[in-house]
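Here's the structure we're looking at; comments come further down.
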Amino acid sequence: MLKTLGYTAMALCALCLGSCEESQEELKAPGAYIKMPEGGYELEINDTLLLSPRITYEVNTSYEWYLDGELISEEKEITHVSNELGRMVYVFVVSNEVGSDTLRVPVSTIIRVDFNEFKLSKDSFDLGISGTNHPDGFYSKGLIFPTIAPSQNQWRGFGLSNLKNNSVSDPNPSPHSAFAPVAKDSTFMLFRQGEEALGFYFEDGQLHRISTISVTNTSYGYLVMRNGNDEVSRFGDESTGEPHDWFLLTITGYDDLGQETGTVDFYLADYRFENKKKNYIIGDWTTVDLSSLGLVNRVEFALTSSKVDDQGKTLTPQWFCLNSVKITE
(Lines give C-alpha, C1' and ligand atoms only; values in the text may rest on other atoms or scores of the structure.)
Protein backbone atom coordinates (compact mmCIF):
# COMPACT_ATOMS: atom_id res chain seq x y z
CA MET A 1 0.00 0.00 0.00
CA LEU A 2 2.78 2.44 0.91
CA LYS A 3 4.63 1.52 -2.28
CA THR A 4 1.51 2.25 -4.34
CA LEU A 5 1.05 5.61 -2.63
CA GLY A 6 4.69 6.39 -3.29
CA TYR A 7 4.30 5.72 -6.99
CA THR A 8 1.11 7.79 -7.06
CA ALA A 9 2.81 10.74 -5.32
CA MET A 10 5.72 10.57 -7.72
CA ALA A 11 3.35 10.52 -10.68
CA LEU A 12 1.45 13.53 -9.34
CA CYS A 13 4.70 15.39 -8.75
CA ALA A 14 5.90 14.60 -12.27
CA LEU A 15 2.54 15.73 -13.66
CA CYS A 16 2.73 18.97 -11.70
CA LEU A 17 6.32 19.58 -12.76
CA GLY A 18 5.47 18.98 -16.39
CA SER A 19 2.49 21.30 -16.13
CA CYS A 20 4.64 24.03 -14.53
CA GLU A 21 7.29 23.66 -17.22
CA GLU A 22 4.58 23.77 -19.88
CA SER A 23 3.12 26.93 -18.30
CA GLN A 24 6.59 28.49 -18.17
CA GLU A 25 7.10 27.70 -21.85
CA GLU A 26 3.76 29.28 -22.78
CA LEU A 27 4.56 32.60 -21.11
CA LYS A 28 5.35 35.20 -23.79
CA ALA A 29 6.76 38.66 -23.88
CA PRO A 30 4.03 41.32 -24.23
CA GLY A 31 3.66 43.61 -27.24
CA ALA A 32 2.15 47.11 -27.26
CA TYR A 33 0.33 48.94 -30.06
CA ILE A 34 -1.51 52.22 -30.31
CA LYS A 35 -3.30 53.52 -33.40
CA MET A 36 -2.21 57.08 -34.09
CA PRO A 37 -1.66 59.36 -37.09
CA GLU A 38 1.71 59.33 -38.82
CA GLY A 39 3.98 61.65 -36.88
CA GLY A 40 1.84 61.46 -33.75
CA TYR A 41 -1.26 63.18 -32.41
CA GLU A 42 -2.15 66.84 -32.96
CA LEU A 43 -4.48 68.55 -30.51
CA GLU A 44 -5.59 72.11 -29.96
CA ILE A 45 -5.26 73.93 -26.65
CA ASN A 46 -7.57 72.55 -23.91
CA ASP A 47 -8.18 69.32 -25.85
CA THR A 48 -7.79 66.02 -23.97
CA LEU A 49 -6.69 62.62 -25.25
CA LEU A 50 -6.90 59.19 -23.62
CA LEU A 51 -3.74 57.20 -24.37
CA SER A 52 -4.73 53.53 -24.16
CA PRO A 53 -2.31 51.05 -25.78
CA ARG A 54 -3.46 47.60 -26.87
CA ILE A 55 -1.42 44.80 -25.29
CA THR A 56 -0.94 41.63 -27.34
CA TYR A 57 -0.05 39.34 -24.40
CA GLU A 58 -1.34 40.62 -21.11
CA VAL A 59 -0.21 38.12 -18.46
CA ASN A 60 1.68 39.23 -15.34
CA THR A 61 2.45 42.53 -17.06
CA SER A 62 3.44 45.85 -15.56
CA TYR A 63 3.12 49.29 -17.15
CA GLU A 64 5.22 52.44 -17.06
CA TRP A 65 4.71 55.85 -18.68
CA TYR A 66 7.67 58.23 -18.99
CA LEU A 67 7.88 61.88 -20.01
CA ASP A 68 11.26 63.56 -20.42
CA GLY A 69 12.85 60.50 -18.81
CA GLU A 70 10.69 60.77 -15.68
CA LEU A 71 8.27 58.05 -14.60
CA ILE A 72 4.80 59.66 -14.47
CA SER A 73 2.43 56.68 -14.18
CA GLU A 74 2.26 52.92 -13.67
CA GLU A 75 -1.28 52.63 -15.02
CA LYS A 76 -2.11 51.11 -18.38
CA GLU A 77 -3.89 54.29 -19.56
CA ILE A 78 -3.18 57.97 -19.06
CA THR A 79 -5.00 61.15 -20.13
CA HIS A 80 -3.10 63.93 -21.87
CA VAL A 81 -4.33 67.52 -21.50
CA SER A 82 -3.05 70.10 -24.00
CA ASN A 83 -2.28 73.21 -21.96
CA GLU A 84 0.20 75.04 -24.19
CA LEU A 85 1.72 74.97 -27.67
CA GLY A 86 4.58 72.54 -28.18
CA ARG A 87 5.47 68.90 -28.72
CA MET A 88 6.05 66.20 -26.13
CA VAL A 89 6.85 62.52 -26.52
CA TYR A 90 5.43 59.96 -24.09
CA VAL A 91 7.26 56.63 -23.73
CA PHE A 92 5.19 53.61 -22.72
CA VAL A 93 6.84 50.38 -21.48
CA VAL A 94 4.96 47.13 -20.93
CA SER A 95 6.90 44.18 -19.46
CA ASN A 96 6.73 40.81 -17.73
CA GLU A 97 9.41 38.37 -16.58
CA VAL A 98 9.97 37.17 -20.14
CA GLY A 99 10.40 40.48 -21.98
CA SER A 100 9.08 43.95 -22.73
CA ASP A 101 7.94 46.31 -25.48
CA THR A 102 8.24 50.09 -25.80
CA LEU A 103 6.08 52.67 -27.56
CA ARG A 104 6.86 56.30 -28.37
CA VAL A 105 3.75 58.48 -28.53
CA PRO A 106 4.35 62.05 -29.82
CA VAL A 107 1.63 64.58 -28.93
CA SER A 108 1.72 68.12 -30.38
CA THR A 109 -0.43 71.00 -29.22
CA ILE A 110 -1.20 73.35 -32.11
CA ILE A 111 -3.46 76.17 -33.17
CA ARG A 112 -5.32 75.32 -36.37
CA VAL A 113 -6.70 78.37 -38.14
CA ASP A 114 -9.40 77.00 -40.46
CA PHE A 115 -11.81 79.98 -40.67
CA ASN A 116 -14.84 77.90 -39.78
CA GLU A 117 -15.85 80.38 -37.09
CA PHE A 118 -16.92 82.66 -39.95
CA LYS A 119 -20.43 81.78 -41.06
CA LEU A 120 -21.38 82.74 -44.60
CA SER A 121 -24.65 82.31 -46.42
CA LYS A 122 -24.81 79.32 -48.73
CA ASP A 123 -22.67 79.73 -51.87
CA SER A 124 -21.37 83.18 -51.00
CA PHE A 125 -18.22 85.22 -50.33
CA ASP A 126 -17.26 88.24 -48.23
CA LEU A 127 -14.48 90.58 -49.34
CA GLY A 128 -14.80 92.79 -46.27
CA ILE A 129 -16.32 95.70 -48.19
CA SER A 130 -18.97 96.16 -45.50
CA GLY A 131 -16.43 95.78 -42.69
CA THR A 132 -14.75 92.91 -40.89
CA ASN A 133 -14.31 91.68 -37.32
CA HIS A 134 -11.06 93.67 -36.97
CA PRO A 135 -10.06 97.20 -38.09
CA ASP A 136 -7.25 95.82 -40.29
CA GLY A 137 -9.05 92.85 -41.80
CA PHE A 138 -10.28 89.43 -40.73
CA TYR A 139 -9.16 88.20 -37.30
CA SER A 140 -8.89 84.50 -36.49
CA LYS A 141 -7.15 82.86 -33.52
CA GLY A 142 -4.45 85.50 -33.15
CA LEU A 143 -3.85 86.11 -36.86
CA ILE A 144 -4.82 89.20 -38.87
CA PHE A 145 -5.64 88.73 -42.57
CA PRO A 146 -5.65 92.26 -44.06
CA THR A 147 -8.19 93.29 -46.66
CA ILE A 148 -8.18 96.41 -48.81
CA ALA A 149 -11.68 96.76 -50.19
CA PRO A 150 -12.84 100.20 -51.37
CA SER A 151 -14.98 98.30 -53.91
CA GLN A 152 -15.31 94.76 -55.25
CA ASN A 153 -13.26 95.56 -58.37
CA GLN A 154 -10.52 97.23 -56.32
CA TRP A 155 -10.42 94.58 -53.60
CA ARG A 156 -7.10 92.91 -52.78
CA GLY A 157 -5.64 91.03 -49.86
CA PHE A 158 -7.86 88.51 -48.11
CA GLY A 159 -11.54 87.63 -48.28
CA LEU A 160 -13.80 84.78 -47.20
CA SER A 161 -15.63 82.29 -49.40
CA ASN A 162 -17.40 78.94 -49.33
CA LEU A 163 -17.80 78.64 -53.11
CA LYS A 164 -16.44 75.61 -54.94
CA ASN A 165 -16.51 74.56 -58.59
CA ASN A 166 -14.22 72.02 -60.22
CA SER A 167 -15.97 71.82 -63.58
CA VAL A 168 -13.39 71.99 -66.37
CA SER A 169 -16.02 73.13 -68.90
CA ASP A 170 -17.58 76.04 -66.98
CA PRO A 171 -17.69 78.99 -69.45
CA ASN A 172 -17.80 81.54 -66.64
CA PRO A 173 -15.75 80.27 -63.67
CA SER A 174 -15.71 82.40 -60.53
CA PRO A 175 -12.49 83.91 -59.12
CA HIS A 176 -14.15 83.66 -55.69
CA SER A 177 -14.51 79.87 -55.94
CA ALA A 178 -12.01 77.16 -55.01
CA PHE A 179 -11.35 74.57 -57.68
CA ALA A 180 -10.77 71.99 -54.95
CA PRO A 181 -13.68 70.39 -53.07
CA VAL A 182 -14.90 72.21 -49.96
CA ALA A 183 -16.67 70.44 -47.10
CA LYS A 184 -20.24 71.48 -46.35
CA ASP A 185 -20.39 74.73 -44.36
CA SER A 186 -16.60 75.08 -44.64
CA THR A 187 -15.11 78.54 -45.16
CA PHE A 188 -11.72 79.37 -46.67
CA MET A 189 -9.68 82.49 -47.42
CA LEU A 190 -9.28 84.01 -50.86
CA PHE A 191 -6.10 85.94 -51.66
CA ARG A 192 -5.71 88.48 -54.44
CA GLN A 193 -2.35 90.11 -55.01
CA GLY A 194 -2.03 93.88 -55.17
CA GLU A 195 0.84 96.14 -56.09
CA GLU A 196 1.99 96.24 -52.47
CA ALA A 197 3.29 93.31 -50.42
CA LEU A 198 0.44 91.48 -48.70
CA GLY A 199 0.22 88.68 -46.18
CA PHE A 200 -1.02 87.81 -42.70
CA TYR A 201 0.57 88.57 -39.33
CA PHE A 202 0.28 87.82 -35.62
CA GLU A 203 -1.67 90.42 -33.66
CA ASP A 204 0.47 90.02 -30.52
CA GLY A 205 3.63 91.17 -32.31
CA GLN A 206 5.51 88.09 -31.06
CA LEU A 207 7.40 85.33 -32.84
CA HIS A 208 5.62 82.07 -33.69
CA ARG A 209 6.31 78.94 -35.72
CA ILE A 210 4.00 77.99 -38.59
CA SER A 211 4.39 74.39 -39.66
CA THR A 212 2.06 74.21 -42.69
CA ILE A 213 -0.60 75.96 -44.75
CA SER A 214 -3.06 74.42 -47.20
CA VAL A 215 -3.64 76.04 -50.62
CA THR A 216 -5.28 75.53 -54.00
CA ASN A 217 -6.16 77.48 -57.14
CA THR A 218 -9.35 79.41 -57.72
CA SER A 219 -11.72 77.95 -60.32
CA TYR A 220 -11.11 80.93 -62.60
CA GLY A 221 -7.33 80.71 -62.31
CA TYR A 222 -7.34 76.95 -62.88
CA LEU A 223 -9.38 77.19 -66.08
CA VAL A 224 -7.44 80.16 -67.47
CA MET A 225 -4.25 78.13 -67.08
CA ARG A 226 -5.88 74.99 -68.48
CA ASN A 227 -7.86 76.47 -71.38
CA GLY A 228 -6.59 80.02 -71.90
CA ASN A 229 -8.84 83.02 -72.64
CA ASP A 230 -8.97 86.10 -74.87
CA GLU A 231 -6.00 87.68 -73.07
CA VAL A 232 -3.65 84.76 -72.52
CA SER A 233 -2.96 81.37 -74.11
CA ARG A 234 -3.30 78.15 -72.17
CA PHE A 235 -0.36 76.69 -70.28
CA GLY A 236 1.80 74.41 -72.42
CA ASP A 237 0.59 75.87 -75.73
CA GLU A 238 3.22 74.79 -78.26
CA SER A 239 2.21 77.51 -80.72
CA THR A 240 3.60 80.19 -78.38
CA GLY A 241 7.10 78.83 -78.81
CA GLU A 242 7.54 78.85 -75.01
CA PRO A 243 5.33 76.06 -73.64
CA HIS A 244 7.24 75.60 -70.36
CA ASP A 245 4.82 77.66 -68.28
CA TRP A 246 4.59 78.03 -64.51
CA PHE A 247 2.59 79.82 -61.79
CA LEU A 248 4.57 80.31 -58.59
CA LEU A 249 3.55 81.17 -55.03
CA THR A 250 6.48 82.53 -53.03
CA ILE A 251 5.99 82.66 -49.26
CA THR A 252 8.35 84.87 -47.25
CA GLY A 253 8.66 84.99 -43.45
CA TYR A 254 9.60 88.04 -41.38
CA ASP A 255 10.48 88.34 -37.70
CA ASP A 256 9.22 90.94 -35.24
CA LEU A 257 11.93 93.39 -36.39
CA GLY A 258 10.94 93.06 -40.04
CA GLN A 259 13.97 90.95 -40.94
CA GLU A 260 13.44 88.21 -43.51
CA THR A 261 13.65 84.69 -42.04
CA GLY A 262 13.41 82.68 -45.26
CA THR A 263 11.33 81.87 -48.32
CA VAL A 264 9.38 78.86 -49.59
CA ASP A 265 8.47 78.42 -53.26
CA PHE A 266 5.38 76.44 -54.20
CA TYR A 267 4.23 75.96 -57.80
CA LEU A 268 0.48 76.27 -58.20
CA ALA A 269 1.07 75.07 -61.76
CA ASP A 270 4.18 73.73 -63.47
CA TYR A 271 4.55 72.85 -67.16
CA ARG A 272 8.36 72.85 -67.32
CA PHE A 273 8.78 69.07 -67.46
CA GLU A 274 10.26 67.43 -70.55
CA ASN A 275 7.85 64.57 -69.91
CA LYS A 276 4.54 66.36 -70.49
CA LYS A 277 2.68 63.76 -68.42
CA LYS A 278 4.27 65.34 -65.33
CA ASN A 279 2.82 68.80 -66.05
CA TYR A 280 0.21 69.83 -63.48
CA ILE A 281 -2.12 72.52 -62.19
CA ILE A 282 -2.98 72.24 -58.48
CA GLY A 283 -6.62 71.26 -58.22
CA ASP A 284 -6.78 69.86 -54.68
CA TRP A 285 -6.08 71.30 -51.26
CA THR A 286 -2.34 70.84 -50.95
CA THR A 287 -0.17 71.15 -47.85
CA VAL A 288 2.85 73.47 -48.01
CA ASP A 289 5.56 73.02 -45.36
CA LEU A 290 6.63 76.37 -43.88
CA SER A 291 8.75 75.03 -41.02
CA SER A 292 11.93 76.25 -42.75
CA LEU A 293 10.81 79.87 -42.22
CA GLY A 294 11.56 79.45 -38.52
CA LEU A 295 10.05 81.86 -36.00
CA VAL A 296 8.02 84.57 -37.71
CA ASN A 297 5.69 87.42 -36.93
CA ARG A 298 4.51 88.00 -40.50
CA VAL A 299 4.15 85.95 -43.67
CA GLU A 300 3.86 87.55 -47.11
CA PHE A 301 2.68 86.05 -50.41
CA ALA A 302 3.86 86.86 -53.94
CA LEU A 303 2.42 85.35 -57.13
CA THR A 304 4.46 85.30 -60.35
CA SER A 305 4.04 83.52 -63.67
CA SER A 306 5.72 82.79 -66.99
CA LYS A 307 2.73 84.46 -68.66
CA VAL A 308 3.50 88.20 -68.83
CA ASP A 309 2.74 91.00 -71.28
CA ASP A 310 5.23 93.27 -73.05
CA GLN A 311 5.50 95.45 -69.92
CA GLY A 312 6.19 92.45 -67.69
CA LYS A 313 2.71 92.47 -66.12
CA THR A 314 1.56 89.03 -65.00
CA LEU A 315 -1.35 87.76 -67.11
CA THR A 316 -2.16 84.66 -65.06
CA PRO A 317 -4.89 85.61 -62.51
CA GLN A 318 -3.01 86.45 -59.30
CA TRP A 319 -5.36 84.68 -56.91
CA PHE A 320 -5.22 81.57 -54.74
CA CYS A 321 -7.21 79.97 -51.91
CA LEU A 322 -5.98 79.35 -48.35
CA ASN A 323 -7.74 76.71 -46.27
CA SER A 324 -5.64 76.13 -43.16
CA VAL A 325 -2.76 77.58 -41.13
CA LYS A 326 -1.13 75.35 -38.52
CA ILE A 327 0.74 77.12 -35.70
CA THR A 328 3.00 74.97 -33.49
CA GLU A 329 4.78 77.53 -31.31
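Starting from 1, each residue takes its place in the sequence as its number. These numbers come from a predicted model, not from an experiment.
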Side-chain heavy atoms under 4.5 angstrom apart, residues restricted to Ile, Leu, Val, Met, Phe, Trp, Tyr: same cluster for [X] and [Y]?
X: V296; Y: L198; result: yes
X: L190; Y: F266; result: no
X: L103; Y: Y63; result: yes
X: V232; Y: Y222; result: no
X: I210; Y: I111; result: yes

Check your understanding: How would you list all residue pairs meeting salt bridge (Lys or Arg N to Asp or Glu O under 4.0 Å) that involve residues 81-91, not counting sequence neighbours?
Key ->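 The answer is none; no pair qualifies.
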Is a donor from one side chain sitting under 3.5 angstrom from an acceptor on the other, for [X] and [Y]?
X: S291; Y: D289; value: yes
X: S95; Y: S62; value: yes
X: D123; Y: N162; value: no
X: K307; Y: S233; value: yes
X: S306; Y: D245; value: yes
X: T252; Y: Y254; value: no

Practice item. Without swapping roles, check the side chain of K313 against the backbone of D310 for a donor-acceptor pair under 3.5 Å. Key: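 Between the backbone of D310 and the side chain of K313 there is no qualifying donor-acceptor contact (under 3.5 Å).
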Point to revise | Mutual orientation of the aromatic rings belonging to F320 and F301 [parallel < 30°, tilted 30-60°, perpendicular > 60°] | key: perpendicular
Could you work out, with side chain to side chain contact (heavy atoms under 4.5 Å, CB included) as the rule, every residue matching [X], not counting sequence neighbours?
X: D270; value: W246, Y267, R272, F273, Y280
X: A269; value: M225, F235, F247, I281
X: Q154; value: P150, S151

**Study point:** Centroid-centroid distance, F200 to F145, less than 6.0 Å
**Key:** yes
Practice item. Applying side chain to side chain donor-acceptor pair (under 3.5 Å), run through S214 and S324 and close with a yes or a no. Key: CA-CA 5 Å; S214 180; S324 174; 6.0 Å; no
Exercise for review: May I have the step-by-step check of side chain to side chain donor-acceptor pair (under 3.5 Å) for T250 and D265, ending in yes or no?
Suggested key: CA-CA 5 Å; T250 299; D265 286 339; 2.9 Å; yes
Practice item. Mind running salt bridge (Lys or Arg N to Asp or Glu O under 4.0 Å) on K276 and E238 for me, showing each step along the way? Key: CA-CA 12 Å; K276 294 179 182 179; E238 298 282 351; 2.6 Å; yes
Which donor-acceptor pairs under 3.5 Å do side chains of residues 43-50 form with protein atoms, sequence neighbours excluded?
unit_1	atom_1	unit_2	atom_2	d
E44	OE1	R112	N	3.4
D47	OD2	E44	N	3.0

Point to revise | Rounded distance (nearest 0.5 Å) linking atom CG of L303 with atom CG of L249 | key: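 So the CG of L303 and the CG of L249 are separated by 5.5 Å.
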Exercise for review: Begin with the C-alpha distance, continue with both residues' side-chain angles, and end with the deciding distance and a verdict on ring-ring contact (aromatic ring centres under 6.0 Å, His included) for H208 and F202.
Suggested key: CA-CA 8 Å; H208 298 272; F202 288 91; 4.2 Å; yes
Exercise for review: Given side chain to side chain donor-acceptor pair (under 3.5 Å), test Y66 with E64 step by step and report yes or no.
Suggested key: CA-CA 7 Å; Y66 293 88; E64 295 173 322; 3.2 Å; yes
Distance-only check: which donor-acceptor pairs under 3.5 Å involve side-chain atoms of residues 29-40, not counting sequence neighbours?
none

Practice item. Please say which of Y90, Y41, F92 ends up in a ring-ring contact (aromatic ring centres under 6.0 Å, His included) with H80. Key: Y90
Practice item. Evaluate side chain to side chain donor-acceptor pair (under 3.5 Å) for S82 paired with T109, printing each intermediate quantity in order. Key: CA-CA 6 Å; S82 287; T109 301; 2.9 Å; yes
**Study point:** Trace of the salt bridge (Lys or Arg N to Asp or Glu O under 4.0 Å) decision for E117 with K141
**Key:** CA-CA 10 Å; E117 73 269 32; K141 298 182 180 178; 5.5 Å; no
Point to revise | Note: K28-E26 ion pair, threshold 4.0 Å (strictly below) | key: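 No, no charged N to carboxylate O under 4.0 Å.
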**Study point:** Derivation of the ring-ring contact (aromatic ring centres under 6.0 Å, His included) call for F188 and F115
**Key:** CA-CA 6 Å; F188 59 89; F115 315 114; 8.8 Å; no
Exercise for review: Under the salt bridge (Lys or Arg N to Asp or Glu O under 4.0 Å) rule, what do E195 and R156 come out as? Steps first, then yes or no, please.
Suggested key: CA-CA 9 Å; E195 294 181 0; R156 56 201 185 275; over 6 Å; no
